[in-house]
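Chain identifiers are assigned alphabetically (A, B, ...) following the order of the sequence lines, protein sequences preceding nucleic acid strands; residue numbering begins at 1 within each chain. Everything numeric in this text was worked out from a predicted model, so none of it was measured.
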Amino acid sequence: MREEISDVPSKLYHLFSFAKDGEIPLSINAATLLIRCFGRAKMLEESIAVFNALDPESRNTNVVNLLLDCLFRGGNTDDGFKVLDEMLERESSFPPNESTMDIVLSAIWKRNWVGRRMSVEEICGLVVRFFENGVFLDDVWLTKLITNFCRSGKSNKAWDLLHDMMRLGGQAEAVSFNALLSGLGRERDFENMNLLMNEMKEKEIKPDVVTFGILINHLCKSYKVDEAMQWRQEEGFKLMEKMRLESGYEPNTVTYNCLIDGFCKAGEIERSYELFDQMKKCGVVPNVITLNTLLDGMCKHGRVNSGIELFAEMQGKGVKGNAITYTILITSFCSVNNIDKAMKLFNEMSENGCFPDAKVYYSLILGLCQARRTNDASCVASKAKEAGFGLDIICYNALIGGFCRKNKIDEAHNMLRDMEEAGIKPDRYTYNTLISYFSQKEQFATAHRVMKRMIDDGYLPNVVTYGALIHAYCLSGNVDEAMKIFQNMSSSTNVPPNTVIYNTLIDALCKSDKVEAGISLLGDMKDKGVRPNTITYNAIFKGLQERNWVEKAFEIMDQMTENACNPDYITMEVLTQWLSAIGETEKLRSFLEGYEVSTSTA
DNA sequence: GTAGGGTTAG
């Protein structure tokens, strides 16, 4: 075997046959060498023959492992599992060891069996039998399995795997806990994340910088959905300090990226930028994710130009943008209706070595639809298909919505057919888009038919569905019917009205000279913990202007300030016209004073 | 462990 001669395996096989004919017993070492050699040469039959020629008394776990490996590699999995089964039996002559586990898992992994030919449950059952034999997973395998189970939506099985192993005497380290923590985090299962953190403490498993990263990220992203949005980025920030002091881990690029994103998502761009400066000062190198995170935060908060400057600055420092960078910019320019710039970026990106992926195409299609350039969107959609990116449900919905808004119901129908041919089923968004269209066309019967199909498809009407109906009834002048739906939402459905619903109704009431009712709904919002926004106040101000009800307007202006709600150009237009016409410029001035910074950015 | 596109409101 050590000589460099040709066709070693077949020569060795001749030698083996010769020895066998001569009834020379095969030693375990010789058998091991032969099986390994034949195994590598994919000579399954020969491997088995050697194994069979071996005196059963001299067989050991090692040689059975080799056989097992040959069987799996040779694709003879049925026999492989039979051999394994014997090994795993109680009082087995060849008890499994770490190599056995490795061979089996490698076979399962390589053939992409997880979740396909072998279910997560089956793998769990198999691995637990190893545990019962005192053979445990190493960190790498345990982490791999936990990650994979979580990604297949079976984080409960990942949980069991980790706990079964520890219960039966195995040791796990932070990496495996991290994998499970991140899986649980993805499902927003904070309760079990906390349990797991406590277990780490009890078992004195020291959390590492990744553990802290996971926690910081989830703190930054956690917010209450039902009530006022409240991010916990401050807690994330404090946790970073705690990590530094108590564990001695220095925050790294990922730690900072998570925090920067947390503050960006909470609209605190200044703090994000401070963190960006801090990381640079501390010698933590920003990467393309840092760039994209900050850029997205800036763009989404109306600072596209600062964002572009940041991009240029980072490029100067060697951080190249990627497809995600361009997606952010394209989306941002589309959202301010600067389609030319968005198209230009799309065409430029390839020159900068960033080739558009599916999502770049999708963002452009969406942006064009939102900017009511549905035909252009359709062209880009064709280009995307040519580039090999089939449209997804979000694109189809955008195009359907775009054609509906343009009153091109035939085109919308074509898209629906296209979508069906591509094997994509309508979802909640599709149905809501169609319901919105038909009800605005006062085709309420059709809208209700669509709604019925939506329910049959398993989608209960949600706040958007009701919002579309309420809006349509308001538009058709039937505010009473709209109010009926609104009241029905609270009493008969489990769908609490949101800001959009209130805004729709308040606007309609104010426009039909029922400003008192509008103000009463504003009070209702406060009671229900639904935050009014600029649109809410604008509607009320317009209603009050009609009545020239100045005192009430002053009251509401104070409320708006208290709620830290920024006026926009419409607020300014209404109030400036009205209040200066009646000589109340002093109140206007003091109202705007509190907003100096924010109005200038607006 | 970190980054990108969606339906309803003025």
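The closest side-chain donor-acceptor pair between A/Asn503 and A/Asn533 falls under 3.5 angstrom. When only modelled atom types and interatomic distance are considered, A/Ser363 and A/Thr327 share no side-chain donor-acceptor pair under 3.5 Å. Between A/Asn432 and A/Thr465, the side chains place a donor N or O and an acceptor N or O closer than 3.5 Å (distance only, hydrogens not considered).
The separation between A/Met240 atom CE and B/dT2 atom C1' is 14 Å, rounded to whole Å. Going from atom CG of A/Leu329 over to atom P of B/dG5 covers 12 Å, rounded to whole Å. The CD1 atom of A/Ile365 sits 19 Å away from the P atom of B/dG4 (whole-angstrom rounding). Here B/dG6 presents its C1' atom at 5 Å from OH of A/Tyr429, a figure rounded to the nearest Å. At whole-Å resolution of the value, CE in A/Met525 and C1' in B/dG10 are 13 Å apart. Here B/dT7 presents its P atom at 20 Å from CE of A/Met451, a figure rounded to the nearest Å. In this structure, the CG atom of A/Asn322 is 13 Å from the P atom of B/dG5, given to the nearest Å. Here B/dT2 presents its P atom at 18 Å from CD of A/Gln233, a figure rounded to the nearest Å.
With B/dT7, B/dG5, B/dG1 as the candidates, the nucleotide lying closest to the side chain of A/Val464 is B/dT7. Residue A/Ser436 has its side chain nearest to B/dT8 when only B/dT2, B/dT7, B/dT8 are considered. In this structure, the nucleotide among B/dG1, B/dG6, B/dT8 sitting nearest to the side chain of A/Ile501 is B/dT8. Closest approach to the A/Val254 side chain among B/dA3, B/dG10, B/dG1 is made by B/dG1 (side chain taken as heavy atoms from C-beta onward). Comparing atom distances between the A/Asn217 side chain and each of B/dT2, B/dT7, B/dA9 picks out B/dT2 as nearest. Listed nucleotides B/dT7, B/dA3, B/dG10 differ in distance to A/Thr433; the shortest reach to its side chain belongs to B/dT7. For A/Cys395, taking side-chain heavy atoms from C-beta onward, the closest of the listed nucleotides B/dG5, B/dA9, B/dG6 is B/dG5. Looking at the side chain of A/Ile289, the nearest of the listed nucleotides B/dT2, B/dG4, B/dA9 is B/dT2. Side-chain proximity of A/Asn498 to B/dT8, B/dG10, B/dG6: nearest is B/dT8. Of the candidates B/dG4, B/dG10, B/dA9, the closest approach to any side-chain atom of A/Thr499 belongs to B/dA9.
For NZ of A/Lys484, the number of neighbouring non-hydrogen atoms (other residues, nucleotides, ligands) closer than 6.0 Å is 12 at most. More than 12 non-hydrogen atoms from other residues, nucleotides or ligands lie less than 6.0 angstrom from CD of A/Gln487.
Using a 4.0 Å heavy-atom criterion, one finds that A/Ala323 contacts the bases of the nucleic acid, with or without backbone contacts as well. Using a 4.0 Å heavy-atom cutoff across all strands shown, A/Thr325 reaches no nucleic acid atom at all. Residue-level contact check: A/Thr327 touches the bases, meaning some heavy atom is under 4.0 Å from a base atom. As judged by a 4.0 angstrom heavy-atom cut-off over every strand, A/Ile535 is placed among the base-contacting residues. Residue A/Cys474 is classed as having no contact, given no heavy-atom separation below 4.0 Å to the nucleic acid. Counting any heavy atom pair closer than 4.0 Å across all strands shown, A/Asp507 reaches sugar-phosphate atoms only and no base atom. Among the heavy atoms of the strands lying under 4.0 Å from A/Asn252 is at least one base atom, whether or not backbone atoms are also near.
A close approach under 4.0 Å does occur between a side-chain nitrogen or oxygen of A/Lys300 and OP1 or OP2 of B/dG5. Residue A/Gln440 has no polar side-chain atom (N or O) positioned under 4.0 Å from OP1 or OP2 of B/dT8. Applying the 4.0 Å criterion to OP1 and OP2 of B/dG6, one finds that A/Lys359 has every side-chain N and O outside that range. In this structure, A/His471 does not reach the B/dT8 phosphate: none of its side-chain N or O atoms is under 4.0 Å from OP1 or OP2. Not one side-chain nitrogen or oxygen of A/His218 sits closer than 4.0 Å to the OP1 or OP2 atom of B/dT2. In terms of phosphate contacts, A/Lys221 brings a side-chain nitrogen or oxygen within less than 4.0 Å of OP1 or OP2 of B/dA3.
Cation-pi geometry between A/Arg271 and A/Phe237 is satisfied (NZ or CZ under 6.0 Å from the ring centre, within 45° of the ring normal).
Between the side chain of A/Asp392 and the base of B/dG5 there is at least one donor-acceptor pair of N/O atoms closer than 3.5 Å. The base of B/dG10 lies close enough to the side chain of A/Asp568 for a donor and an acceptor atom to sit less than 3.5 Å apart.
Using a 4.0 Å cut-off between charged side-chain N and carboxylate O, A/Lys359 and A/Asp392 make no salt bridge.
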